[in-house]
Student: 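Below are the structure tokens for one structure; questions will follow.
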Amino acid sequence: MAPTVEQVSEVFNTILVLDFGSQYSHLIIRRLREFNVYAEMLPCTQKISELPFKPVGVILSGGPFSVYEDGAPHVDHDVFKLDVPILGICYGMQELAWINGKGVGRGEKREYGPATLTVVDPACPLFEGVDHSQVWMSHHDKLQSLPTGFKTVATSGNSPFAGIAHEEKPIYGIQFHPEVTHSVQGKTLLKNFAVKICKASQNWTMANFIETEIKRIRTLVGPSAEVIGAVSGGVDSTVGAKIMKEAIGDRFHAIYVDNGLMRKNETVQVKKTLDEGLGINLTVVDASSQFLDNLKGVTDPEKKRKIIGNTFIHVFEKVASEIKPKDGSQIEYLLQGTLYPDVIESISFKGPSQTIKTHHNVGGLLEDMKLKLIEPLRELFKDEVRDLGTLMGIPEDLVWRHPFPGPGLGIRVLGEVTPEQVKIAREADYIFIEEIRKAGLYRNISQAFAALLPVKSVGVMGDQRTYEQVIALRAIETTDFMTADWYVFDAKFLKKVASRIVNEVDGVARVTYDITSKPPATVEWE
Ligand SMILES: Nc1ncnc2c1ncn2[C@@H]1O[C@H](COP(=O)(O)OP(=O)(O)OP(=O)(O)O)[C@@H](O)[C@H]1O
Ligand SMILES: O=c1[nH]c(=O)c2[nH+]cn([C@@H]3O[C@H](COP(=O)(O)O)[C@@H](O)[C@H]3O)c2[nH]1
Ligand SMILES: NC(=O)CC[C@H](N)C(=O)O
Ligand SMILES: [Mg+2]
């Protein structure tokens with residue numbers, strides 16, 4: 001019989017967030033974790049009898065619908081049978097009111113933005129330390145009457161029922177959004193709910209997580225099986241590899257693919273950092289000619305992405321078949337660095353968003369590959385991964401490395417990818433990043449790179465006419481890469497970088513700086 005593998009949500013006291021499609025649902029989880037309470041999100045349609053774990057409390061999120069509309073989403077009423085505290089936020093509170101008397105309708109006025117909260121029942125534990133503070137509203141519907149069995153505990157100018165509480169049970173509703181930072185005491189309120197009311201332990205720390213995760217992996221893999229991992233030298237896969245190494249030692253095989261689209265000196269450096277610095281035995285597979293051959297003559301960005309993704313799979317399949325585990329079995333598992341935002345995106349009630357571009361993703365393209373995935377970071381946000389990396393002794397440089405996309409320079413050479421074009425992009429990128437580091441700006445910027453444009457422009461160098469290509473520099477600031485703004489360099493810095501690139505990189509006659517935010521642009525050019 002297969003061993004039972006405990007999930008993180010079974011080990012840590014977990015607050016369950018049921019998502020009704022609010023833009024802020026993931027922020028509720030972020031805020032709870034900031035004070036070390038573990039939280040997970042599931043869609044509001046989740047059947048309570050099929051919950052994968054028993055939560056210590058439930059939060060019903062906001063959402064774009066109106067509870068009284070046909071087809072509006074509703075929570076499974078068995079949620080009340082769980083006999084744990086419940087907090088409804090905005091739509092979530094309207095849902096509680098709808099279930100308990102249907103007194104919800106469209107308000108005369110919409111209310112978006114700040115409001116001041118007045119607590120009318122100071123004994124209510126939810127509002128301890130929250131009185132007379134600014135809260136953030138975002139609604140048009142409102143409670144028209146107090147739901148059966150509830151009392152008013154807080155009000156605001158436009159919302160006579162800004163906060164309600166059940167007379168006997170620990171069930172609460174609030175019209176405002178405590179999860180956004182504009183609700184000044186919002187975090188205090190969420191802490192009151194999670195820690196005081198739900199009695200959740202504040203033990204969600206990366207130190208505790210490592211221990212649980214290592215145990216989980218050992219049980220999952222068993223005593224003798226071996227695992228391979230796609231390791232790029234980026235922070236996610238490196239932290240994943242380090243966890244695997246701690247869990248199963250030399251039964252883990254880290255594989256780095258040199259796809260010919262990596263940055264200058266990257267392969268040598270990644271090998272050195274992982275082998276010498278972290279004791280992870282990294283196998284470098286040189287597949288550069290395979291990737292470059294497959295990309296010959298292709299200019300469409302989506303086609304390029306798919307070719308690169310597929311070539312990765314073929315390379316991994318071959319590697320997996322060549323490793324012969326000592327116990328005579330076959331490689332069964334592949335490590336992947338999936339993070340929680342990817343998981344949230346796929347389980348959100350709004351459903352996965354439209355594909356803007358196919359992100360190369362080893363796992364997503366694995367359908368016909370027999371390997372099963374191990375994803376040790378699938379519960380973590382990027383900053384938690386960085387904390388974890390630091391705790392596990394991964395050098396600061398690597399922990400704070402800018403992300404580098406799997407398709408690499410293949411999507412930064414616009415148009416056809418040839419070895420000559422890759423070389424130009426690689427050299428220009430190297431100079432840009434070197435200058436950023438020298439100026440002490442690396443950590444202020446979330447990601448920076450150079451892209452090579454497939455256009456030629458006239459220039460003059462040493463009295464000679466030139467007719468060469470254009471480099472576009474891109475540097476952005478962002479927290480989650482979903483939205484981003486361009487970084488404001490001072491003019492002197494840009495002057496220096498431009499002059500170095502044109503002087504030192506053959507084939508470039510002009511340098512531009514990309515000043516588009518995301519949206520409407522994306523981070524990468526392809
Ligand atoms: N050159 C490569 N060799 C092996 N695996 C790779 C390579 N490039 C990407 N991968 C795999 O694809 C996954 C996704 O890449 P992604 O860039 O999102 O993550 P990362 O490289 O680990 O971290 P970061 O986001 O910091 O770059 C990686 O975690 C890794 O498993
Ligand atoms: O591993 C990856 N495989 C990909 O195919 C891929 N495409 C974009 N990116 C990275 O994702 C972030 C957002 O990029 P975009 O705004 O261009 O979509 C940025 O950090 C991009 O570098 C990728 N990462
Ligand atoms: N932010 C929300 O949850 C909004 C709930 C509901 N759609 C309203 O307009 O009131
Ligand atoms: Mg990467």
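Keep in mind the model is a prediction, meaning the values are calculated, not measured. Both ligands and their constituent atoms are indexed starting at 1 by order of listing. Basis for what follows: all heavy atoms, side chains included, without hydrogens, waters or symmetry-related copies.
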Student: Applying a 4.0 Å heavy-atom criterion (strictly less than), which segment of Pro405 is in contact with ligand 2: side chain, backbone, both, or neither?
Tutor: both

Student: Which option out of Met482, His402, Gln447 puts a heavy atom nearest to atom 20 (O) of ligand 2?
Tutor: Gln447

Student: Measuring from atom 16 (P) of ligand 1, which candidate in Phe481, Phe312, Phe404 has the nearest non-hydrogen atom?
Tutor: Phe404

Student: Assess the pair Tyr487 and Phe489: is the distance between their ring centroids shorter than 6.0 Å?
Tutor: yes

Student: Any pair with a residue in residues 202-242 that passes ring pair (Phe, Tyr, Trp, His ring centres under 6.0 Å), sequence neighbours left out, goes on the list, sorted by first then second residue, please.
Tutor: Phe12-Trp204, Tyr38-Trp204, Trp204-Phe209

Student: Which is closest to atom 22 (O) of ligand 1 by heavy-atom distance: Gly234, Pro405, Ser237?
Tutor: Ser237

Student: For Ser457 and Arg510, which I'm curious about, is there any donor-acceptor pair between the side chains at under 3.5 Å?
Tutor: yes

Student: Short list, please: which atoms of ligand 2 are under 4.0 Å from a heavy atom of Phe481?
Tutor: 20 (O)

Student: Cut-off 3.5 Å, no hydrogens considered: what does the side-chain donor-acceptor table look like for residues 474-482, sequence neighbours left out?
Tutor:
unit_1	atom_1	unit_2	atom_2	d
Arg474	NE	Asp514	OD2	3.3
Arg474	NE	Val523	O	3.0
Arg474	NH1	Asp514	OD1	3.4
Arg474	NH1	Asp514	OD2	3.3
Arg474	NH1	Thr516	O	2.7
Arg474	NH2	Thr516	O	3.2
Arg474	NH2	Thr522	O	2.9
Thr478	OG1	Asp480	N	3.2
Thr478	OG1	Phe481	N	2.8
Thr478	OG1	Thr483	O	2.6
Asp480	OD1	Met482	N	3.0

Student: Could you list which atoms of ligand 2 come closer than 4.0 Å to a heavy atom of Thr522?
Tutor: 15 (P), 16 (O), 17 (O)

Student: Say whether Val257, considering both its backbone and side-chain N or O atoms, lies within less than 3.5 Å of an N or O atom on ligand 1.
Tutor: yes

Student: Heavy atom of Ile255 under 4.0 Å from ligand 1?
Tutor: yes

Student: May I ask whether Lys382 places a heavy atom under 4.0 Å from ligand 1?
Tutor: yes

Student: With sequence neighbours left out, what residues match Asp236 under salt bridge (charged side-chain N to carboxylate O under 4.0 Å, His left out)?
Tutor: Lys382

Student: My understanding is that we take every heavy atom of each candidate and find the minimum distance to atom 21 (O) of ligand 1. Doing that for Pro407, Gly408, Ser232, Ala230, which one comes out nearest?
Tutor: Ser232

Student: Side chain to side chain contact (heavy atoms under 4.5 Å, CB included) for Lys303 and Lys306? Distances and angles first, verdict last.
Tutor: CA-CA 5 Å; Lys303 281 202 186 119; Lys306 292 207 171 103; 5.8 Å; no

Student: From Leu32 CG over to Glu40 CD, what is the distance, rounded to the nearest 0.5 angstrom?
Tutor: 12.0 Å

Student: Does Lys264 make a cation-pi contact with Tyr430, if we ask for NZ or CZ under 6.0 Å from the ring centre and within 45° of the axis?
Tutor: yes

Student: Please identify which atoms of ligand 2 are closer than 4.0 Å to at least one heavy atom of Val523.
Tutor: 13 (C), 14 (O), 15 (P), 16 (O), 17 (O)

Student: Is it true that Phe316 lies under 4.0 Å from ligand 1, counting heavy atoms only?
Tutor: yes

Student: For residues Asn203 and Ser201, is any side-chain donor paired with an opposing acceptor at under 3.5 Å?
Tutor: no

Student: What number of protein N, O or S atoms occur at distances under 2.8 Å from the Mg ion (ligand 4)?
Tutor: 1

